[in-house]
2 protein chains.
Amino acid sequence: MANPKSVGPTRIPCEQCPLRRRLNFRDFSPEELAFIQSLKVGELQAEAGMSIMREGEQNPQLYTVLAGWGFRYKILEDGRRQILNYVLPGDLVGLQGNVMREMQHSVEALTKMTLCMFERDKLPVLFQTHPSLAFDITWLAAREESMLDEHLLSIGRRSARERAAYLLAFLDSRIRATSDAPPEKSFALPLTQQHVADTLGLSLVHTNKTLRTLADQGLIRWLDRGCEVLDAQRLYRVAEWRPPVEGRRPFI
Amino acid sequence: MANPKSVGPTRIPCEQCPLRRRLNFRDFSPEELAFIQSLKVGELQAEAGMSIMREGEQNPQLYTVLAGWGFRYKILEDGRRQILNYVLPGDLVGLQGNVMREMQHSVEALTKMTLCMFERDKLPVLFQTHPSLAFDITWLAAREESMLDEHLLSIGRRSARERAAYLLAFLDSRIRATSDAPPEKSFALPLTQQHVADTLGLSLVHTNKTLRTLADQGLIRWLDRGCEVLDAQRLYRVAEWRPPVEGRRPFI
DNA sequence: CGTATGCTTGACCCCTGTCAAGTTTGGTGG
DNA sequence: CCACCAAACTTGACAGGGGTCAAGCATACG
């Protein structure tokens with residue numbers, strides 16, 4: 001929850017961006033790359049637990065996640081917290097505060113993160129000169145909306161067990177989508193059970209018991225501060241959910 | 001739930017669009033208006049209960065709501081339904097299916113609706129030639145995301161009573177935002193308790209009992225197939241929520 | 001007037017929350 | 001290397017919010 005941020009100078013030119021080399025990101029023209037490069041004003045390193053932006057903030061920075069995990073959340077006055085979604089490499093952070101008056105949610109780093117920082121005042125220029133990139137931003141917004149729809153269905157209508165299965169399957173499929181690793185590789189989702197509880201709208205205790213039954217049945221393994229999905233197929237069946245078949249995705 | 005749709009020819013030119021005359025919609029240049037007019041291919045009239053679009057549909061039409069209410073929803077195989085959000089005049093419907101592969105949710109008319117139908121293949125042209133309108137679409141997407149965030153907070157972390165208060169206050173504030181009527185006018189929200197239940201993630205019976213206590217305390221009045229908000233201020237306090245202070249909004 | 005849709009209410013129970021201890025793990029400093 | 005500590009994970013007991021079942025009522029409509 002600490003606030004300090006370290007702002008570094010531009011390190012990596014966009015042509016060498018590690019994300020761009022991955023198979024699932026769409027190709028950009030040299031001209032597009034040069035323009036994106038001109039927007040970039042630096043990089044932000046955030047340690048796990050650090051606040052990236054806060055609800056109510058006016059004109060926050062616009063970032064793309066280069067590495068690490070974070071999450072978006074809102075809190076009620078008495079401290080009840082709802083995690084809205086997770087941000088992974090390639091995701092755009094802070095668009096809302098650039099389009100609307102102020103941020104309506106906060107963002108916190110879940111692991112050590114690297115974010116690419118953009119000059120926020122240039123968003124209108126992007127729309128005026130690079131329609132393809134403008135469309136990409138809309139694509140990202142539509143995708144976020146689609147994820148939120150699924151979360152709503154989950155929290156509103158699924159049982160605790162189904163919800164947990166859905167969330168872990170969802171995150172497992174997302175981490176795979178941002179990686180070129182082979183499908184048999186397993187990943188550790190960098191969460192605590194408190195994060196799971198705050199995402200699913202459950203109490204910590206009941207979340208623990210629910211995860212335990214999933215673990216006892218061999219669907220997942222709970223590690224310290226993390227979770228490993230052992231049988232994604234069965235998780236899908238429990239949650240009655242299919243991961244999206246995303247083609248090559250854009251990012252800015 | 002019926003499917004038939006009646007597609008009429010273009011009736012109203014965009015310059016005379018009834019929405020456009022309202023105070024809270026932003027001004028458009030004559031050139032922008034002419035372009036929007038060129039996208040319009042007709043109007044859709046939908047009776048209450050009719051399906052506007054279905055989950056899984058490929059390349060659905062793109063609409064703007066001109067009149068009436070509808071809702072977006074998803075259903076699980078066993079029939080559990082989650083209402084994701086409501087669509088009111090000025091809202092864009094079907095963007096997701098135009099940006100991504102297919103629709104991830106369904107849309108149904110809650111009242112008699114009139115929708116403005118656009119030529120969907122021209123969305124890329126819009127981005128290429130009218131950056132201001134492209135930005136408007138992104139604005140609408142960011143606003144939708146913001147509403148979904150609030151719904152998630154509500155379903156995930158608020159009690160039944162708080163949720164109901166939030167939903168009714170939210171819808172009351174939305175209907176006021178699309179109307180030029182004076183603040184003292186009261187509106188009937190065109191819902192059944194089943195819709196409220198499916199939005200809040202509650203059972204019908206418990207929804208009924210919750211609404212009853214709100215009515216007994218003079219916060220709302222439940223009508224036949226509808227609800228009237230009597231004391232918005234107290235609803236806000238119960239839900240610990242403030243309506244957004246929207247300035248003039250765009251629409252296509 | 002009969003029928004369908006939507007609203008109400010009561011009884012009962014279960015899923016999930018709360019409370020209250022533990023236990024395990026990793027990090028830190030002596 | 002060990003002792004200590006904090007954070008995170010577990011577990012059991014108990015309670016309550018909300019679900020389910022089962023009627024009954026009321027209003028609209030043909």
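In the text below, chain A, chain B and the rest are named by the order of the sequence lines, each starting its count at 1. All figures in this text were calculated on a predicted structure; none of them were measured in a lab.
In this structure, B:Leu62 and B:Val93 have side chains that are not in contact, with every pair of non-hydrogen atoms separated by 4.5 Å or more.
Remark: P of C:dC7 and CG of B:Leu214 are 15 Å apart, rounded to the nearest angstrom. Atoms CD (B:Glu47) and P (D:dC29) sit 13 Å apart, rounded to a whole Å. Between the P atom of C:dT8 and the CG atom of B:Leu223 lies a distance of 10 Å, rounded to the nearest Å. Protein atom CH2 of A:Trp222 is 16 Å distant from nucleotide atom P of C:dT25, rounded to whole Å. When the P atom of C:dT18 is taken as reference, atom CD of A:Gln194 falls 11 Å away, rounded to whole Å. With rounding to whole Å, B:Arg212 atom CZ is found 5 Å from C:dT8 atom P. Between the CG atom of A:Leu211 and the P atom of C:dT16 there is a distance of 13 Å, given to the nearest Å. Spacing between atom CD of B:Gln193 and atom C1' of D:dT27 amounts to 14 Å, rounded to whole angstrom units.
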Check nucleotides 14-24 of chain D for protein N or O atoms closer than 3.5 Å to its own N or O atoms and list the pairs.
| unit_1 | atom_1 | unit_2 | atom_2 | d |
| --- | --- | --- | --- | --- |
| D:dG18 | OP1 | B:Ala160 | N | 3.2 |
| D:dG19 | OP1 | B:Ser203 | N | 3.1 |
| D:dG19 | OP2 | B:Ser203 | N | 3.1 |
| D:dG19 | OP2 | B:Ser203 | OG | 2.9 |

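Note on A:Asp224: only backbone sugar-phosphate atoms sit closer than 4.0 angstrom, heavy atoms only; bases stay farther off.
Of the side-chain N and O atoms in B:Asn208, none sit less than 4.0 angstrom from OP1 or OP2 of C:dC7.
One side chain, A:His195 or A:Thr192, offers a donor N or O that lies under 3.5 Å from an acceptor on the other.
Rounded to the nearest 0.5 angstrom, B:Asp149 CG and A:Glu145 CD are separated by 11.0 Å. Rounding to the nearest 0.5 Å places CH2 of B:Trp241 at 14.5 Å from CD of B:Glu162.
Between A:Phe25 and A:Phe251, the ring planes are tilted. Angles from 30° to 60° get that label.
Cation-pi geometry between A:Arg72 and A:Tyr86 is not met: the NZ or CZ atom fails to fall both under 6.0 Å from the ring centre and inside 45° of the normal.
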